[in-house]
There are 2 protein chains.
Amino acid sequence: MTEYEILERTAPEAATAAGGERKRGIDRVIILLEALLRQRAPMRVGDIARLIGAPRSTTYEIVNRLLEADMLETVGTDGHVYFGRAMHLFGWAYSHHNAHYPRIIETLDRLAAESGETVQLCGLRGNKYVVLDSRDSVGPFRISSQVGVEVPIPWTASGRLLLSHMDDDAVRAFIPAEDYRLPDGRWLPQEDFLAAIALARRQGYSESAALADRFTWCLAAPILDGRGAMTLTLCFVLPVDTPEARRIELLALLRERAMGLGLVGD
Amino acid sequence: MTEYEILERTAPEAATAAGGERKRGIDRVIILLEALLRQRAPMRVGDIARLIGAPRSTTYEIVNRLLEADMLETVGTDGHVYFGRAMHLFGWAYSHHNAHYPRIIETLDRLAAESGETVQLCGLRGNKYVVLDSRDSVGPFRISSQVGVEVPIPWTASGRLLLSHMDDDAVRAFIPAEDYRLPDGRWLPQEDFLAAIALARRQGYSESAALADRFTWCLAAPILDGRGAMTLTLCFVLPVDTPEARRIELLALLRERAMGLGLVGD
DNA sequence: CATTTTTGTCCGATATACTAGACTGCGTGA
DNA sequence: TCACGCAGTCTAGTATATCGGACAAAAATG
């Protein structure tokens, strides 16, 4: 089985992208970078071309230009490419533009070190939820998570907090219908989701068991930015059998630390 | 004085970019992102247009497309834009593709915490030196440094290590002539630089006093990757009056930690 | 070994992305 | 009030970026 066939299997919709259409370079670049992010691994130019539905010649042209600019770099000797150093610098500039980002990361580190559990920094990207950074727990059966992978918002505890500034209609308009279908096939009733958001808003935290999968229990607390908006959350991802006493203890710790990060004028 | 005039002052060459030339979108995007990185602050679209020498209509077109893709995002209410969340994710993917990047960052954190000094992770980008991450010292007169700013390689201690895989001719071809001119106006003789590289190669570390500026003393040690290549360095940036005993102590610590990071098969 | 697939580069034709410039509306300062 | 500069959008025309396809060389495949 070629690498491409594997790719096609994981992202068939992209592979069937309509051919014959002329697209501009910028669009190709954006599609290419998104594809590379989803793939999370270096790819060969030929495979990229097929995956994003672009002509080979065009793909070579674009990839070479991006290599020149250091936005991509070659990996290994057989023509694989992946993100380049320029991306690191752009991304660093993005994160650190928020003046207390270093404090957020420090908090993330300390929470992980003190608890030994998986801790994540989460936010939205468009109408999806993404993990922005994480510290994975250490045990033999570690619960780890993929930074940058987009997940339907209703699958997550943090999502309930991140939407708590919206009214019901805004939420209804924001979330695509298919995102209410949980990974195990169950459909989450929209009204339940709206109620959960309201609850999260009242409580100032959110908790969910066996939502995105059967074996995790998530605790999430908001980080308020300078203007009191809730654009980031900290969250614990615990094994679902964590004793209640410990969950309560960790929730308190999480809320205290998250609270300590916010509202400190910008 | 408008913001633009300030910008022009700091990057006059870009502002005088030849007009009237038609460029493709990809090139505009790359130039735009580089400009934003150099500026290290949100900019308004009009100012971007002038700074990168692109027509206003084109700049709006491109900026809007990048906003849509989350590679840029609006900041504040008066039309400023800066890097967006997608950049964070691309950059994260870049750094963490190196499997032991988390260990490198952990080492950076520990060195900073234990010493209280400024510690940096450094590398090359093209034929320039860049700081990839740093932890700044805490004292009242902190020596801080800008991640992502490009600096001529001969100005840095790390640069001597990062070129140590090249022979003299390769170095001569690699470094632009004007990069031998130090910030204080002195010219560093090329032969001295080549000798310093050879010394760094023999010693396995590099040290420089009052090179990039009058008041810092830099210590650098290499991080070897899986194949023994020297693509990253860790370095201390110390006040120039740091007692010799302490410098020796810190150098030993730095070398030990940097050594501990390398050669652990990929 | 012969056969097939893939890689990387090149080229001419043309659909179109980019540009110049016009236009509106807002805010500011005289 | 007017004059001015800037933000943001829109349009028509053309310079050119993109595309399909051809090609040689390299790498799988049988």
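All values below were derived from every heavy atom in this structure, side-chain atoms included, with hydrogens, water molecules and symmetry-related copies excluded.
- Evaluation of atom-type donor-acceptor distances gives a pair under 3.5 Å for the side chain of B/S57 against the base of C/dA20.
- Residue A/M230 is tested with A/L224, A/D225, A/I223 for a side chain to side chain contact (heavy atoms under 4.5 Å, CB included); the sole match is A/L224.
- Below the 3.5 angstrom threshold, one finds a donor paired with an acceptor across the side chain of A/R22 and the base of D/dT18.
- B/I30 has its CD1 atom 13 Å from the P atom of D/dA17, to the nearest Å.
- Regarding contacts with the backbone of C/dC18, every side-chain N or O of B/R28 stays at 4.0 angstrom or more from both OP1 and OP2.
- Taking only side-chain nitrogens and oxygens, A/R44 comes nearer than 4.0 Å to OP1 or OP2 of C/dT7.
- Side-chain N/O atoms of A/H96 and A/N98 include no donor and acceptor closer than 3.5 Å.
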Chi angles and distances behind the ring-ring contact (aromatic ring centres under 6.0 Å, His included) call for B/F90, A/F90: CA-CA 9 Å; B/F90 297 154; A/F90 298 154; over 10 Å; no

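- Put simply, CD on A/E61 is 13 Å from C1' on C/dG8, counting in whole angstrom units.
- The residue A/R56 sits close to a base: some heavy atom pair falls under 4.0 Å.
- With distances taken from any side-chain atom of B/K23 to the nucleotides D/dA7, C/dT19, C/dT7, the minimum falls on C/dT19.
- For the pair B/R125 and B/E150, the salt-bridge criterion is met [side-chain N within less than 4.0 Å of a carboxylate O].
- To the nearest angstrom, P of D/dA27 lies 17 Å from CG of A/D47.
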